[in-house]
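One structure is given below, encoded as structure tokens.
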Amino acid sequence: MSEEEDDIILSELDDEELVQQMFDDLYDGLKEEIEEGVNILLERGWAPYKVLTEALVGGMTIVGNDFRDGILFVPEVLLAANAMKGGMAILKPLLAETGAPRMGAMVIGTVKGDIHDIGKNLVSMMMEGAGFEVVDLGINNPVENYLEALEEHKPDILGMSALLTTTMPYMKVVIDTMVEQGIRDDYVVLVGGAPLNEEFGKAIGANAYCRDAAVAVETAKQFVARKHNQGVATV
Ligand code: B12
């Protein structure tokens, strides 16, 4: 770190400068600085969701672009991801403590061959905040993991995440297996991840593709409400 950077006192920056500095700190993988920045924004009255989307996800977008363009490499991106997770850990309890009524349950996991988990974790956090009970299966999940978790937890929703074009087809393997076993219609299947789109979601037989965590929450709520209404109608 240069002396010049040493001199920056985060709390003395105005909001806009601070967010810019957090973009730089995320880029440089500085976990403690990111944690400090998150705490300062919260103290200044920023809503946890705003800190998450504007400071953290915003910073990760820049990292993503430079990774794509060959300016950053895996070790640097891992550090950035680690810094992001430090910030997310502070926000997690705040997002979960909204006092929302219990909406339903979700099993979520990243598919086999894929170790990206930031987006999935963000979806989990937002779903918990919206009143869903979330069972997180982590990364690199073969079909068996999903099926066992569905059997054990009987959730309303199954969520799958994939960030690689090579792993996203695996979502179809899971859905096809559910069809074969006659359990597909027992669950709402939501899929997400940067390389996916709505068309892909439809093609593999998911109920919906969700572009981000906020859309995931809204979509989940709609499906669960519909499911409950159907339940009432058939009684
Ligand atoms: C961070 C990162 C990594 C980190 C992951 C750390 C971690 N713990 O997750 C590390 C360094 C480990 C990594 C490794 C690799 N990565 Co990477 N990675 C990224 C990066 C820069 C950011 C991803 C991220 O966290 N974004 C921030 C979150 C918040 O966004 P998100 O994941 O999209 O999630 C949101 C939505 O998509 C949605 N969502 C996500 N999941 C779900 C699930 C459900 C159910 C729902 C409803 C919604 C939903 O909601 C989320 C929140 O709003 C992306 C670039 C990019 N543009 O995505 C590349 C990227 C995904 N990686 C890429 C590659 C190539 C790799 C490697 C193969 C590199 C290598 N040579 O080894 C390996 C693969 C390892 C593996 N087997 O999985 C490529 C993929 C290209 C492709 N076409 O497939 C990308 C696009 C970069 C690029 N342009 O080249 N990576």
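Whatever order the structure lists them in is the order used to number ligands and atoms, beginning at 1. Index from 1, following the sequence.
Within the 4.0 Å heavy-atom criterion, the part of K85 lying near ligand 1 is the side chain and not the backbone. Residue T165 touches ligand 1 through backbone and side chain together, judged by heavy-atom distances below 4.0 Å. Under 4.0 angstrom from ligand 1, the non-hydrogen atoms of V123 all belong to its side chain. Here M60 has side-chain heavy atoms under 4.0 Å from ligand 1, and that is the only part of it that gets that close. Here A81 has side-chain heavy atoms under 4.0 Å from ligand 1, and that is the only part of it that gets that close.
In the model, D114 has no side-chain atom that pairs as donor or acceptor with a side-chain atom of Y170 under 3.5 Å.
The shortest N or O to N or O distance between I115 and ligand 1 is below 3.5 Å. The N/O atoms of G113, backbone and side chain alike, include one that comes under 3.5 Å of an N/O atom in ligand 1. On a distance-only criterion, A213 and ligand 1 share at least one N/O pair closer than 3.5 Å.
Summarising the contacts of atom 79 (C) of ligand 1 with N82, N65, V191, L164, the nearest heavy atom is found in L164. Closest to atom 2 (C) of ligand 1 by heavy atom, among L78, I118, V77, is V77.
Screening L190, L137, I175, N141 for a side chain to side chain contact (heavy atoms under 4.5 Å, CB included) involving M160 leaves a single residue, I175.
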